[in-house]
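To start, the structure itself, in structure tokens.
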Amino acid sequence: MKRLSAKQAGLVACPICQHVHRYEPALSTHHHLHCMRCGHRLYLRKPNSLTRTWAFLSAAAILYLPANLLPVMRTQSPFGIRDDTIMSGIALFWANGSWALATLVFIASILVPLLKLAVLSLLVLSTQCKATWQLRQRTALYRLVERVGRWSMLDIFVIMLTVGLVKFSSFTVITAGPGALAFGAVVILSLLASRQFDPRLMWDNLDSID
């Protein structure tokens, strides 16, 4: 049984207050429609969703390299100066027997950001190619990315936890390195990319072949 989408029925819900309006494409061509209740702009799909998502995604992918190659923190102590990247910090924890912490840092700082970028790239690319395969599974992937995005600050928390654990004496001075700034930018940009992507565009491709 073919299901009728809100777009096909000429209905649109306000993204802020969820008030449902009848959408007139002829009017929207020349004028921006606004919600009668809260005044927010109405649109059937997020404007320039794929372009915006690609922009944030590309910037996040570019910054992912310096985030992992540059030092995230500099430790100054009477014994010298030590610069640590995320991977060298993981190796240090692993060598000292803190396997659980090393695994947590690896998952939160290496694996999760990389998977987020890969999944978002897959979703945007398949949508742009008008692919209609595995729509439910791809929608589930998007929901997973959105849920993970809510915990993106966990990555920052892990870095702060790492700094706290390394600071073992009052003679030690720890400062953030350029890698920490790049890493924070990756987290924010990937979060913005997932927010800009409109998953309804995937299902529009299915409607276009009916």
Side-chain angles (χ1 to χ4, degrees), residues 1-64 67 108 111-156 183-210:
M1 181 179 67
K2 182 178 178 181
R3 298 180 183 276
L4 187 66
S5 67
K7 180 181 179 182
Q8 293 169 328
L11 300 175
V12 59
C14 174
I16 301 299
C17 68
Q18 302 301 317
H19 186 67
V20 178
H21 302 71
R22 183 160 294 283
Y23 195 83
E24 299 292 344
L27 294 177
S28 64
T29 303
H30 304 288
H31 305 283
H32 293 314
L33 301 180
H34 294 84
C35 177
M36 297 173 59
R37 185 159 64 177
C38 70
H40 192 273
R41 182 182 171 186
L42 299 177
Y43 40 79
L44 288 173
R45 300 293 181 262
K46 292 180 181 177
N48 303 316
S49 170
L50 295 182
T51 303
R52 292 170 184 264
T53 306
W54 272 127
F56 287 120
L57 200 55
S58 301
I62 291 173
L63 288 174
Y64 183 80
L111 191 60
V112 170
L114 186 61
L115 288 178
K116 283 166 60 179
L117 295 179
V119 170
L120 280 173
S121 299
L122 172 67
L123 294 177
V124 178
L125 188 61
S126 60
T127 303
Q128 202 161 27
C129 294
K130 300 186 181 304
T132 57
W133 48 270
Q134 305 294 336
L135 283 171
R136 289 183 182 275
Q137 289 78 3
R138 285 157 55 197
T139 303
L141 276 177
Y142 176 73
R143 290 178 181 148
L144 179 62
V145 170
E146 278 286 280
R147 289 180 182 176
V148 171
R150 298 173 187 174
W151 293 92
S152 292
M153 294 309 295
L154 176 65
D155 304 340
I156 305 298
F183 183 79
V186 170
V187 172
I188 294 173
L189 289 170
S190 60
L191 184 62
L192 291 174
S194 66
R195 291 294 176 90
Q196 290 299 322
F197 180 67
D198 193 336
R200 295 172 296 185
L201 294 173
M202 295 189 294
W203 294 89
D204 286 345
N205 294 331
L206 181 64
D207 295 337
S208 64
I209 62 174
D210 287 340

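What you are looking at is a predicted structure, and each value in this text was computed from that prediction instead of being measured.
The shortest distance between side-chain heavy atoms of Leu63 and Leu189 falls below 4.5 Å. Counting only heavy atoms from C-beta outward, the side chains of Ser190 and Leu117 approach each other to under 4.5 Å.
Within a 6.0 Å sphere centred on CZ of Arg37, other residues, nucleotides and ligands contribute more than 12 heavy atoms.
The minimum heavy-atom distance between Gly39 and His34, with the atom names listed, is O-CD2, 3.3 Å. Closest non-hydrogen pair, Ala60 versus Val186, comes out as O-CG2, 3.6 Å. Taking every heavy atom of both residues into account, Pro199 and Trp203 meet most closely at O-CD1, 3.6 Å. Of all heavy-atom pairs spanning Trp54 and Ser121, the tightest one is CH2-O, 4.3 Å. Among all heavy-atom pairs drawn from Ala108 and Phe183, the shortest one is O-CZ, 4.4 Å.
The side-chain hydrogen bond (donor to acceptor under 3.5 Å, both in side chains) search around Thr127 returns none, not counting sequence neighbours. Partners of His19 according to the ring-ring contact (aromatic ring centres under 6.0 Å, His included) rule, which considers only residues two or more places apart in sequence or in another chain, are His21. Applying the side-chain hydrogen bond (donor to acceptor under 3.5 Å, both in side chains) criterion to Gln18, with sequence neighbours excluded, gives no partner residue. Judged as a side-chain hydrogen bond (donor to acceptor under 3.5 Å, both in side chains), and not counting sequence neighbours, the contacts of Ser126 are Arg138. The side chain to side chain contact (heavy atoms under 4.5 Å, CB included) test applied to Ala193 returns Thr53, Phe56, Leu57, Leu120, not counting sequence neighbours. Residues forming a side-chain hydrogen bond (donor to acceptor under 3.5 Å, both in side chains) with Arg200 (at least two apart in sequence, or on another chain): Asp198. Remark: Arg22 engages Leu11, Glu24 in a side chain to side chain contact (heavy atoms under 4.5 Å, CB included) (not counting sequence neighbours). Checked against ring-ring contact (aromatic ring centres under 6.0 Å, His included), Tyr142 has the following partners two or more places apart in sequence or in another chain: Phe197. The side chain to side chain contact (heavy atoms under 4.5 Å, CB included) test applied to Ile16 returns Cys14, Cys38, His40, not counting sequence neighbours.
Interatomic distance, CG of Leu191 versus CD of Gln196, reported as 10.5 Å (0.5 Å rounding). For the atom pair Lys130 NZ and Leu201 CG, the distance stands at 9.0 Å (nearest 0.5 Å). One finds the CZ atom of Arg52 at 11.0 Å from the CG atom of Leu192 (value rounded to the nearest 0.5 Å). Distance CE/Met202 to OG1/Thr132: 12.0 Å, rounded to 0.5 Å. To the nearest 0.5 Å, atoms OG1 (Thr139) and CD (Gln134) are separated by 10.5 Å.
Under a 3.5 Å cut-off, the side chain of Lys46 and the backbone N or O of Arg195 do form a donor-acceptor pair.
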